[in-house]
Engineer: 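Right, I'll just put the structure down here and ask away after.
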Amino acid sequence: MPLSNLNPEQYQAATTTHPYNLIIAGAGTGKTSTIVARIAYLLQQGVDPKKILLLTFTNKAAQEMIGRVEKRFSLKAKEIEAGTFHAISYRWLKESNPKLVLKPPKDLLQLFESVYQERKFLGFNNKPYAASTLFELYSLYQNSEFNLSFGEWLAKRSPEQEEFKEIIDDMIQEYEEIKEEYGFLSFNDLLLKATQLKDKKEFVEVLVDEYQDTNNLQAKFLESLKFNSLFCVGDYDQSIYAFNGANIEIIANFKYTYPNAKIFNLSKNYRSTSYILSLANKVISNNKRLYPKKLEVMRKEKPIPPKLLVFDTLSTQYEEIAKLIKSSPTPKSQIAILFRNNSSAEGIEVALKKQGISCKRRGGNSFFTLREVKAVFDLVSILLHPQDVISFLNILEYAQGIGKNRAKEIFDGLITCGEGDLKKGLIDPLPLENPFKKKARNPQLALFDDLVQLKSKKAINPVLLHPHLTPEGEIFILELRRLFLEVSSISNPQKFLKFLFDSKIIETISIKLAKQRARLKDGLIDSIKFQQNLGKIEGRFRLLLNLTKDYKDIHRFYNAIVLGSSEISQGEGVELLTVHASKGLEFEEVYVIDLMEERFPNLKLASRDGSLEEERRLFYVAVTRAKKILYLSYAKRDVAKKKTFTPSRFLKEAGFKVG
DNA sequence: GTGTGTGCCGTTTTT
DNA sequence: CGGCACACAC
């Protein structure tokens with residue numbers, strides 16, 4: 001019974017009848033239980049589950065909560081609309097326009113860069129930002145600003161960029177037009193477009209988890225919803241997404257935004273021991289307080305004091321911690337190693353392996369950004385969305401002798417032959433003599449080109465007449481044609497991928513990558529390494545096949561991966577996480593490593609646009625993941641990089657005598 | 001103009 | 001590992 005296990009504070013919140021509710025839930029105060037109980041309460045009151053919307057920060061959090069509701073209300077739980085802001089938006093948008101293509105940020109950056117490169121930034125006093133910087137800032141802008149143009153917003157933020165205002169706005173306009181033309185959507189577009197949807201469903205209640213990390217765009221999305229009541233849960237001390245536009249004012253101003261808002265406070269901490277909690281509180285009290293908050297420790301057993309570990313070098317830190325973990329009686333799945341920057345992960349992972357300890361790593365960039373894995377998704381995307389130039393170019397560039405420009409020429413040629421449709425261009429092309437736009441300034445040369453092309457008769461596809469097409473490029477195009485013809489009947493993702501893995505394209509790509517990775521200093525290829533690499537690549541393909549198991553439809557699989565690939569974790573055992581990824585989780589035993597000035601707090605960021613307070617909140621989140629045992633550690637030197645470190649200021653704030 | 005190979009650089013956090 | 005600059009080949 002979800003409701004009967006609650007304490008009075010939680011119960012009050014879970015059974016509220018007010019329209020606007022904010023639940024301030026400090027670390028470990030049973031936030032998830034309260035949300036689950038709230039949903040149970042609504043269902044008990046006879047609310048139609050379809051009219052409950054649960055918005056979370058990760059898909060995993062949504063699944064976990066729904067899973068817990070399921071134990072009590074098995075059928076109804078599945079009907080609740082639950083997911084991240086992005087996943088929900090995508091679901092709604094797809095209903096009205098099935099042709100939309102969700103693209104990963106990296107692909108869109110490629111497009112952004114190509115638009116950027118065509119602009120001439122000449123004759124100015126300052127240097128414009130690099131394309132990648134602008135791309136990131138544009139994302140931040142989309143998440144936080146709705147009145148100014150991007151150029152204006154940028155000029156306000158960085159006055160020296162003022163002179164580029166017009167050129168940047170013009171560039172953005174072109175970038176947006178291209179995205180529109182091809183139907184590409186970014187993560188931000190999901191929310192922007194879903195916010196504008198008319199005739200949205202009406203909800204009885206909307207629940208928002210991790211409310212402190214809401215940004216202006218998400219707030220706007222919430223405003224666009226129709227509902228009877230709102231149930232927001234958060235803790236301002238755990239707001240750690242400022243870089244993504246998270247606006248702490250939103251939670252701070254809740255009572256002004258929503259008249260007659262009711263604020264509940266959950267103050268009983270069930271997670272951590274008194275030592276851990278008081279350490280966390282000591283540090284966070286250095287931040288300006290929005291309003292007083294005191295957590296009451298509910299764990300009664302004799303606590304173990306948090307321990308500071310000091311090491312001479314980075315590598316001894318990793319090695320010694322691995323040894324400590326090896327000898328720890330805590331079950332490995334209840335141990336987590338947390339770090340500020342992903343760059344800490346590799347060292348510790350290697351050290352654990354050396355001790356024979358298996359680990360689980362999240363923030364799956366590692367797997368899904370592998371080139372062979374990316375290639376599979378590019379190929380899937382081409383087949384599912386024939387208008388996807390970006391993926392087409394990515395794939396075609398694997399063919400020997402084809403680079404960016406020729407790939408684009410071929411794509412345009414196929415589009416011309418297909419009267420705007422790539423699939424038609426491949427399968428049933430117009431029999432054009434020269435599908436390629438002639439840049440020729442010399443008409444005679446162009447004529448000559450045509451004559452040469454006419455010599456190769458009986459081409460299946462006019463595009464194969466491209467003057468620079470290599471045999472391998474030809475194979476790619478013919479193979480793609482075959483895939484289009486044969487794959488259309490397959491919707492099962494496992495069959496779909498198996499089919500792709502047998503294709504000539506995937507074979508060529510695998511061989512190319514395996515060779516690249518087996519190349520020795522002298523340029524020769526180590527054949528043993530080559531075979532091993534091929535094996536590794538095939539292993540990754542098998543892993544991908546395994547991932548398809550939970551999905552019935554290839555479209556769904558593709559979308560789920562783009563939306564949630566970073567949540568998929570690999571392996572079993574000790575968890576290796578960034579502090580950001582650890583949000584909402586808890587472990588018996590926690591190691592927070594690499595606690596050095598510059599690294600944690602990350603001073604580069606704190607001085608730029610983040611703040612030291614945000615870094616401090618990150619530290620607070622990190623230590624409050626621990627239930628019973630907490631280790632904090634730092635190293636004095638990095639031997640490889642010849643750097644010396646000073647211990648993190650947070651250690652001093654926590655009461656340790658350091659430096 | 002276009003593609004390929006080599007050497008050197010740095011590396012924030014997420015949907 | 002990926003991005004970038006550079007030299008070299010067609």
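No experiment lies behind these values; they were computed from the predicted model shown. To find a chain, count down the sequence lines: A is the first, B the second, and so on, and within it residues start at 1.
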Engineer: With sugar-phosphate meaning primed atoms plus P, OP1 and OP2, does A/Arg599 contact a base, only sugar-phosphate, or nothing at under 4.0 Å between heavy atoms?
Structural biologist: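 A/Arg599: no heavy atom of the nucleic acid under 4.0 Å.
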Engineer: When you measure from the side-chain N and O atoms of A/Thr58 to the phosphate of B/dT15, is any distance below 4.0 Å, counting only OP1 and OP2?
Structural biologist: no
Engineer: Once side chain to side chain contact (heavy atoms under 4.5 Å, CB included) is applied, do any residues pair with A/Lys512, and if so which ones, sequence neighbours excluded?
Structural biologist: A/Tyr398, A/Gln400, A/Gln516
Engineer: Give the first and the last nucleotide of DNA chain C, reading 5' to 3', that has any atom under 4.0 Å from a heavy atom of chain A.
Structural biologist: C/dC1 to C/dG2
Engineer: Below 4.5 Å, heavy atoms only, C-beta onward: do A/Phe645 and A/Tyr634 meet side chain to side chain?
Structural biologist: no
Engineer: Quick check for you: among B/dT14, B/dT12, B/dT13, whose closest atom lies nearest to any side-chain atom of A/Asn342?
Structural biologist: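 The closest nucleotide is B/dT13.
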Engineer: Please state how far atom CD in A/Gln516 lies from atom P in B/dT4, giving the value in whole angstrom units.
Structural biologist: 11 Å
Engineer: Once salt bridge (charged side-chain N to carboxylate O under 4.0 Å, His left out) is applied, do any residues pair with A/Asp107, and if so which ones, sequence neighbours excluded?
Structural biologist: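 Salt bridge (charged side-chain N to carboxylate O under 4.0 Å, His left out) list for A/Asp107, sorted by chain: A/Lys103, A/Lys374.
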Engineer: Starting the side chain at C-beta, find the nucleotide from B/dT15, B/dT2, B/dT13 nearest to A/Glu409.
Structural biologist: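 Nearest nucleotide to the side chain: B/dT2.
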Engineer: May I have the distance from A/Tyr398 (atom OH) to B/dG3 (atom P), rounded to whole angstrom?
Structural biologist: 16 Å
Engineer: Separation of A/His580 atom NE2 from B/dT13 atom C1', in whole Å?
Structural biologist: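 Roughly 4 Å, once rounded to whole Å.
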Engineer: Rounded to whole Å, how long is the line connecting atom CD of A/Glu613 with atom C1' of B/dT13?
Structural biologist: 18 Å
Engineer: Ignoring the backbone of A/Arg406, work out which of B/dT14, B/dT2, B/dT12 is nearest its side chain.
Structural biologist: B/dT2
Engineer: Would you say A/Gln400 places a side-chain N or O within less than 4.0 Å of OP1 or OP2 belonging to B/dT4?
Structural biologist: yes
Engineer: Does A/Ile240 reach a base, just sugar-phosphate, or nothing at all? Heavy atoms under 4.0 Å.
Structural biologist: nothing
Engineer: When all nucleic acid strands are considered with a 4.0 Å heavy-atom cut-off, which category describes A/Phe85: base, sugar-phosphate, or nothing?
Structural biologist: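 Touches nothing.
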Engineer: Which residue is it: A/Glu614, A/Glu598, A/Glu597, A/Glu615? I am looking for the one with a salt bridge (Lys or Arg N to Asp or Glu O under 4.0 Å) to A/Arg340.
Structural biologist: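 When salt bridge (Lys or Arg N to Asp or Glu O under 4.0 Å) is applied between A/Arg340 and each of A/Glu614, A/Glu598, A/Glu597, A/Glu615, only A/Glu615 qualifies.
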Engineer: Which residue lies toward the 5' end of DNA chain B, A/Asn244 or A/Gly403, if each is placed at its nearest nucleotide?
Structural biologist: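 On the 5' side of the pair lies A/Gly403.
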Engineer: Whole-Å distance between B/dT12 C1' and A/Met596 CE?
Structural biologist: 15 Å
Engineer: Please work out if A/Phe243 contacts a base, only the sugar-phosphate, or nothing of the nucleic acid, heavy-atom cut-off 4.0 Å.
Structural biologist: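 Base, at least one base atom sits under 4.0 Å.
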Engineer: What residues, two or more places apart in sequence or in another chain, satisfy salt bridge (charged side-chain N to carboxylate O under 4.0 Å, His left out) together with A/Arg371?
Structural biologist: none
Engineer: Excluding sequence neighbours, so at least two apart, what forms side chain to side chain contact (heavy atoms under 4.5 Å, CB included) with A/Asn143?
Structural biologist: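 A/Asn143 satisfies side chain to side chain contact (heavy atoms under 4.5 Å, CB included) with A/Ser139, A/Asn188, A/Asn215, A/Leu217, A/Asn244 only.
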Engineer: Sequence neighbours excluded, which residues qualify as side chain to side chain contact (heavy atoms under 4.5 Å, CB included) partners of A/Lys353?
Structural biologist: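 With neighbours one apart ignored, the set is A/Glu349.
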Engineer: Please give, in whole Å, the distance from B/dT11 P to A/Lys106 NZ?
Structural biologist: 18 Å
Engineer: Expressed in angstrom and rounded to an integer, what is the separation of A/Leu396 atom CG from B/dT4 atom P?
Structural biologist: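 Nearest whole value for this atom pair: 11 Å.
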Engineer: Just how far, in rounded Å, is C1' of B/dT15 from CG of A/Leu93?
Structural biologist: 15 Å
Engineer: Side chain of A/Thr416, backbone of A/Asp412: donor and acceptor closer than 3.5 Å?
Structural biologist: yes
